[in-house]
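Worksheet: one structure, shown below.
Just so you know, ligand 1 is whichever comes first in the structure, and atom 1 is the first atom listed for that ligand. Small disclaimer: the values here were computed from a predicted structure and weren't measured.
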Amino acid sequence: MKHISLLGATGSIGTQTLDVIKQYPNQFVLEAMSVGGNIDLALQQIKTFSPRLVSVKSKEDCDKLRLSVPSTTKVVYGEEGLLEVATYGHANILVNAVIGSIGLAPTIAAIREGKTIAIANKETLVTAGHIVTNEAKMNQVSLLPVDSEHSAIYQCLNGENHKEVDRLILTASGGSFRDRSRAELKGVTVVEALNHPNWSMGAKITIDSATMMNKGLEVIEAHWLFDIPYERIDVVLHKESIIHSMVEFIDRSVIAQLGTPDMRVPIQYALTYPSRLERSVEERLHLWEIGCLHFSKLDFDRYRCMAFAYEAGRLGGTMPTVLNAANEEAVAAFLAHRITFLEIEQLIEQAMERHELISFPSLDVIIEVDSETRRFIHSRI
Ligand code: NDP
Ligand code: MG
């Protein structure tokens, strides 16, 4: 039996994690969960899963929820609440599906408590990859990827020798605007940007896919998870999202992982690793139905966020923190109709240009640079 703490239960990954937990009641039990402000959904989830600990974002929601849940469910709130859920004593695995670098402190706290980490929250690895991976090593804790590309690479690397890996090849769908030129990106709307062709995801990551920042964050995520230098991480456009990613070995053999685009598959793999559980769903991959798979080279002028991410990754230190914080704030501003789509990348570029890099930053420095970058972006909007 795996005892699970889940951060971000009401989100896209969170609800799909609960789908997996529900499907295998003899394998998984939900011990603790956190949500943001979606209290109605949280209430339904508490009824179905009876977690012993729940955290919400605000004190008001905490007070409200306490009146509606059984006395066996403790309700807490805020960033302290996230820490309490992440380190909950009865859980042995943390699924981190919260959005943004707010997931960093709970991840580190859970690692220090020896919990296995199933990580969807890529912003945490981008903003402080060296600290998170080092803590995991020191505490002998596994970091299991939930992101489909990284789950694919993890599976391709099963039983392989790290020294024989030549290249990681991440696939990218191209997002909502993949068929538009740069000139055609002027004036695109939030609704258009949220219309992803292959995946149904939360709003922030859907915009990140449209700007291609999502793939940029994933390159940095892959660098930390698999300890591969940036010059050996490639991205190829693959609009069908059937090949989730590939690994090329030194003998030029390439192993790919395939499947229909369904996040429950990598979520389940992270929860059952190193075993697999049979899925009862009918849907499976029939390549004859798809017919053709397409691939094309990534154009760094078209997708400028990709160039920023590689640059931030190669520079290292605090630059990925700046990239991530600037992106989080710019995307939030775009979703709130306060800036245009192309202004997202302009703001990120400005934040990176003015930043004076600090190498090997401590956690305190990262937190400070993150806040400072957010203040800068706010001042420009
Ligand atoms: P969603 O926006 O759908 O969900 C985010 C979750 O975090 C919700 O439960 C939300 O609560 C909660 N939350 C947001 N802000 C706060 C806060 N300040 N305090 C506490 N809780 C908060 O995101 P996704 O599920 O799409 O993504 C989650 C992570 O997984 C991201 O890092 C993303 O990059 C990654 N990922 C997502 C994929 C996907 O298919 N969606 C694929 C691969 C990776 P509420 O809604 O109650 O306010
Ligand atoms: Mg992904």
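- At least one N or O atom of Gly11 sits closer than 3.5 Å to an N or O atom of ligand 1.
- Heavy atoms of Lys204 come nearer than 4.0 angstrom to ligand 1 in no pair at all.
- Nearest to atom 27 (O) of ligand 1 among the protein's heavy atoms is Ile99 CD1, 3.7 Å.
- Within ligand 1, the atoms closer than 4.0 Å to a non-hydrogen atom of Asn121 are 32 (O), numbered from 1 in the order shown.
- Two different hydrophobic clusters hold Leu144 and Leu271 under the rule that ILVMFWY side chains link at heavy-atom gaps under 4.5 Å.
- His130 and Trp224 have tilted rings, their planes meeting at an angle from 30° to 60° on a 0 to 90° scale.
- Heavy-atom neighbours of Lys2 NZ from other residues, nucleotides or ligands within 6.0 Å: above the threshold of 12.
- The closest side-chain heavy-atom distance from Lys64 to Ile39 is not below 4.5 Å.
- By heavy-atom distance, the residue among Pro106, Gly78, Ser12 lying nearest atom 24 (P) of ligand 1 is Ser12.
- The Mg ion (ligand 2) is closest to atom OE2 of Glu218 (considering only N, O or S atoms).
- Note: Lys22 NZ to Phe49 CZ = 6.0 Å, rounded to the nearest 0.5 Å.
- Residues Asn121 and Ile102 have side chains not in contact (no heavy-atom distance under 4.5 Å, counting atoms from C-beta outward).
- More than 12 heavy atoms of other residues, nucleotides or ligands shown are found within 6.0 angstrom of CD on Glu231.
- Using a 4.0 Å cut-off between charged nitrogen and carboxylate oxygen, Arg112 and Glu135 count as a salt-bridge pair.
- From the protein, the heavy atom lying nearest to atom 25 (O) of ligand 1 is Ile13 N, 2.9 Å.
- Atom OD1 is the N/O/S atom of Asp147 found closest to the Mg ion (ligand 2).
- At the top of the distance list for atom 29 (C) of ligand 1, counting protein heavy atoms only, stands Val98 O, 3.5 Å.
- Counting atoms of ligand 1 from 1 in the listed order, those under 4.0 Å from a heavy atom of Gly202 are 3 (O), 26 (O), 41 (N).
- Taking the six-membered ring for Trp and thresholds of 30 and 60 degrees, Tyr273 and Tyr154 have ring planes more than 60 degrees apart, a perpendicular arrangement.
- Under the 4.5 Å side-chain criterion, counting only non-hydrogen atoms from C-beta, Thr48 is not in contact with Leu18.
- Nearest N, O or S atom of Glu149 to the Mg ion (ligand 2): atom OE1.
- Remark: ligand 1 and Ser34 share no N or O pair separated by less than 3.5 Å (distance only, no angle test).
- Remark: Arg182 does not engage Asp299 in a salt bridge, criterion side-chain N to carboxylate O under 4.0 Å.
- With respect to atom 40 (O) of ligand 1, the closest heavy atom belonging to the protein is Met201 CG, 3.2 Å.
- For the pair Glu149 and Lys215, the salt-bridge criterion is met [side-chain N within less than 4.0 Å of a carboxylate O].
- For the pair Arg52 and Tyr88, the cation-pi criterion (under 6.0 Å, within 45° of the ring axis) is not fulfilled.
- The side chain of Ile205, and not its backbone, has at least one atom closer than 4.0 Å to an atom of ligand 1 (non-hydrogen atoms only; side chain from C-beta on).
- Atoms of ligand 1 lying under 4.0 Å from at least one heavy atom of Asn38, given by number and element, are 45 (P), 47 (O), 48 (O).
- Residue-ligand proximity, Lys57 to ligand 1, at heavy-atom distances under 4.0 Å covers atoms 17 (C), 18 (N), 19 (N).
- The shortest side-chain heavy-atom distance between Val265 and Arg279 falls under the 4.5 Å cut-off.
- Interface atoms of ligand 1 facing Asp147, defined by a heavy-atom separation under 4.0 Å, are 43 (C), 44 (C).
- Among all protein heavy atoms, the one lying closest to atom 28 (C) of ligand 1 is Ala97 O, 3.4 Å.
- In Glu123, the part holding a heavy atom less than 4.0 Å from any atom of ligand 1 is the side chain.
- Of the protein's non-hydrogen atoms, Gly36 N, 2.9 Å is the one closest to atom 11 (O) of ligand 1.
- With Asp370 contributing its side chain and Val322 its backbone, the two residues share no donor-acceptor pair below 3.5 Å.
- Within the 4.0 Å heavy-atom cutoff, Gly37 counts among the residues contacting ligand 1.
- Ligand 1 has no nitrogen or oxygen under 3.5 angstrom from a nitrogen or oxygen of Ser148.
- The nearest heavy-atom contact from the protein to atom 34 (O) of ligand 1 is Lys122 CE, 3.2 Å.
- Shortest contact from atom 9 (O) of ligand 1 to any protein heavy atom: Thr10 OG1, 2.8 Å.
- Remark: ligand 1 atoms within the under-4.0 Å shell around heavy atoms of Gly8 are 6 (C), 7 (O), 9 (O).
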